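Because the structure is predicted, anything quoted here is derived from the model rather than measured. Excluded from the calculations below are hydrogen atoms, water molecules and symmetry mates; all remaining heavy atoms, backbone and side chain alike, are included.
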Amino acid sequence: MKKYALIFVHAACASVLLMGACSNPVKSKLQGKWRSKDGNTQLSITDNAFTMDDGEAVPEDYFIKGDTIFTSFQGNLPYTSFVVHKLEDHHLELMGPDSVTVEYSR
């Protein structure tokens, strides 16, 4: 009986550690609605879509690798990359594909 309890405790601890390791805190910090400092561009990031509204809003699929956000329209190549320079709760600095850094706030 002691063996089963010990195995159960180890399995429970391993599952808790695995769930913590698989979560992505950067992605959860990024999600939400952002507005550029000049007010011309709105950025909306959800679980499934990256939408930059600068006159024409087109939702794109995205994934995050390191400090870079890769977007694609309906999974098509090539990917458009955005580099996150600074990420705080209410402040985001994002460098777009044209190497211009834009500051966003919530």
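Atom CG of Leu30 is separated from atom CG of Leu92 by 6.0 Å, given to the nearest 0.5 angstrom. The line from OG1 of Thr80 to CZ of Phe70 is 10.5 Å long, rounded to the nearest 0.5 Å. Here Glu103 contributes atom CD and Thr41 contributes atom OG1; the two are 13.0 Å apart, rounded to the nearest 0.5 Å. For the atom pair Thr71 OG1 and Met52 CE, the distance stands at 8.0 Å (nearest 0.5 Å). Here the CG-CG distance, from Leu94 to Leu43, works out to 6.5 Å after rounding to the nearest 0.5 Å.
Note: the hydrophobic cluster containing Val102 also contains Ile64 (ILVMFWY, side chain heavy atoms under 4.5 Å, direct or indirect links). Cluster membership for Val58 and Phe50, using ILVMFWY side-chain heavy atoms within less than 4.5 angstrom, is not shared. Tyr104 and Val84 fall within a single hydrophobic cluster, where Ile, Leu, Val, Met, Phe, Trp and Tyr are joined by side-chain heavy atoms under 4.5 Å apart, directly or via other members.
Contact annotation: the side chain of Lys33 approaches that of Ser44 to within less than 4.5 Å [non-hydrogen atoms, C-beta and beyond]. Looking at Lys37 and His91, their side chains come closer than 4.5 Å, going by heavy atoms from C-beta outward. Counting heavy atoms from C-beta on, the side chains of Phe82 and Pro97 come closer than 4.5 Å.
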Legend entry - Intermediate values then yes/no, side chain to side chain contact (heavy atoms under 4.5 Å, CB included), Trp34 and Arg106: CA-CA 5 Å; Trp34 298 89; Arg106 288 191 195 224; 3.1 Å; yes
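Tyr79 contributes no side-chain N or O that, together with a main-chain N or O of Tyr62, makes up a donor-acceptor pair within less than 3.5 Å.
Among all heavy-atom pairs drawn from Thr68 and Val83, the shortest one is OG1-CG2, 4.2 Å. Between Pro59 and Phe73, the closest heavy-atom pair is O-CD1, 4.0 Å.
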